[in-house]
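Every number for a ligand or one of its atoms is a count from 1 in the order of the listing.
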Amino acid sequence: MVGYPCNENFDYSELLPFLEFHTNNVGDPFGSSNFGANTFEIEREVLEIFAKFTQAPSDEFWGYVTTGGTEGNMYGLYLARELYPDGIVYYSEETHYSVAKSLRVLRTRSVMIKSQQNGEIDYEDLFETLRIHRDSPAIIFANVGTTMKGAVDDVGRLRAMLRELRVAKSYIHVDAALSGMILPFVEEPGAWNFSAGADSISISGHKMLGSPLPSGILLAKKSYVDRIARSVEYVGALDTTLSGSRSAFSPLILWYALKRLGETGLRENVRHCIELAQYATVELEKRKIPAWRNHNSITVIFPRPSESVIRKWQIAPYKDIGHMITMPHVTKNLVDQFIQDYLRTPPHAQVSCPLLSPGVRSISTRSSSNEKDSR
Ligand SMILES: *Cc1c(COP(=O)(O)O)cnc(C)c1O
């Protein structure tokens with residue numbers, strides 16, 4: 001597995017005894033619950049750690065452990081929509097496929113904004129579109145690590161744009177599914193988190209951290225959540241979360257991973273992943289494959305491989321491109337094996353260039369003798 005951002009380096013066997021109980025984190029993790037067998041305390045500890053990584057205001061944040069990045073993104077949009085019912089959501093074309101669905105569910109007005117070739121939002125297109133709708137509240141859905149290209153939208157720049165246009169009511173949600181656990185551990189992370197002006201952030205739990213079960217973390221400014229909280233007598237808890245019954249096991253997994261690795265281990269993981277992404281890029285380039293990646297990204301983009309390579313290595317293809325994501329379980333040896341396979345079976349689609357980065361010129365570089373193998 002080198003195509004999807006799932007870290008396969010983990011061992012949670014010490015947590016097995018907890019599977020002998022029905023545990024449930026129904027309701028708000030910062031409240032109380034009638035259901036005693038919960039892991040609220042552990043969940044709060046996990047949220048505090050993530051709040052630190054995302055520079056959330058220490059006594060003014062709220063959050064919960066979700067089912068994954070998708071739920072966290074939907075929650076951010078839900079909060080924004082509740083605050084500004086007549087707001088317009090702006091999201092780039094490289095946004096995760098699930099967001100269009102969430103927008104349909106929420107019945108929120110939305111406008112899709114162009115993306116640049118590297119996957120980052122097109123700031124000029126956004127600026128012009130915002131200007132036209134200056135009288136409506138602006139809800140910006142920012143990507144911190146796009147799914148296909150690992151591109152990071154500059155949240156500081158988005159905030160500055162809203163100020164410049166004098167948009168009175170605005171909200172920025174940050175989808176940091178993968179990069180939310182990369183950027184806290186690099187030298188130059190750029191402006192992406194609460195300190196840069198985010199109002200809520202969603203991160204996947206099973207991506208960088210690694211987990212046998214999907215999960216996610218949603219963090220938001222507390223004052224927003226207070227406005228939508230409703231108390232429910234039946235469960236004796238505040239119904240602030242999207243789902244009712246929630247996994248009490250997922251917070252244990254996240255807590256275990258965070259404590260076992262510690263900040264040093266997390267930083268070491270990220271260093272390994274970025275180094276390996278650079279290694280993969282260089283090795284592909286040496287063989288005349290126009291591979292590239294965004295700054296601080298562990299996603300390496302290359303021309304779409306053959307169907308057999310896609311299947312064998314679990315590559316997520318999109319039109320003319322494919323990518324490899326060098327997660328913590330990926331090794332140099334695995335990268336080398338992948339490249340060998342990639343070269344043996346040339347891409348089955350002849351690739352045109354518009355989806356590749358501006359720096360990339362041509363990609364029909366393979367010798368014609370190899371082309372016979374392509375299907
Ligand atoms: C993976 C991903 C999601 C969805 O997260 P899930 O945890 O699979 O629900 C959303 N946005 C981006 C950018 C992603 O990479």
Note to self: For E71, which part has a heavy atom under 4.0 Å from ligand 1: side chain, backbone, both, or neither?
What the structure shows: neither
Checklist line | Taking atom 9 (O) of ligand 1 as the reference point, the nearest protein heavy atom with its distance | finding: T70 OG1, 2.6 Å
Next item on the list: Can you label the angle between the F302 ring and the Y342 ring as parallel, tilted or perpendicular, going by 30° and 60°?
Entry: perpendicular
Show every donor-acceptor pair shorter than 3.5 Å between a side-chain atom in residues 98-110 and any protein atom, with sequence neighbours excluded, or say none if there are none.
{"unit_1": "S98", "atom_1": "OG", "unit_2": "H96", "atom_2": "ND1", "d": "2.7"}
{"unit_1": "S102", "atom_1": "OG", "unit_2": "S98", "atom_2": "O", "d": "3.4"}

Note to self: Taking the ring centre of each residue, are F194 and F61 less than 6.0 Å apart?
What the structure shows: no
Check: How close does the nearest protein non-hydrogen atom get to atom 2 (C) of ligand 1, and which residue and atom is it?
Finding: K207 NZ, 2.4 Å
Checklist line | Pairing of K286 and E283 as salt bridge, 4.0 angstrom limit | finding: yes
Check: Has N73 got any heavy atom lying under 4.0 angstrom from an atom of ligand 1?
Finding: yes
Check: Quick one: does ligand 1 sit under 4.0 Å from the side chain of L178, the backbone, both or neither, non-hydrogen atoms only?
Finding: neither
Margin query: So is T147 touching ligand 1 or not, going by heavy atoms under 4.0 Å?
Written below: yes
Checklist line | E41 atom CD, neighbour heavy-atom count above 12 within 6.0 Å | finding: no
Next item on the list: For G68, take its heavy atoms, then give the atoms of ligand 1 lying under 4.0 Å from any of them.
Entry: 7 (O), 9 (O)
Margin query: Regarding E120 and R157, does a basic nitrogen lie under 4.0 Å from an acidic carboxylate oxygen?
Written below: no
Next item on the list: Would you mind listing which atoms of ligand 1 come within a distance below 4.0 Å of any non-hydrogen atom of G69?
Entry: 5 (O), 6 (P), 7 (O), 9 (O)
Check: Got the closest protein heavy atom to atom 8 (O) of ligand 1, with its distance?
Finding: H206 NE2, 4.0 Å
Check: Between D175 and ligand 1, which part of the residue brings a heavy atom under 4.0 Å of the ligand: side chain, backbone, both or neither?
Finding: side chain
Notebook entry, point to check: Of all the atoms in ligand 1, which lie at a distance below 4.0 Å from a heavy atom belonging to S204?
Noted result: 5 (O), 6 (P), 7 (O)
Check: At a 4.0 Å threshold, what atoms of ligand 1 neighbour a non-hydrogen atom of G145?
Finding: 13 (C)
Check: Any chance the rings of F35 and H22 have centres within less than 6.0 Å?
Finding: yes
Next item on the list: Please confirm whether Y256 and Y12 have ring centers closer than 6.0 angstrom.
Entry: yes
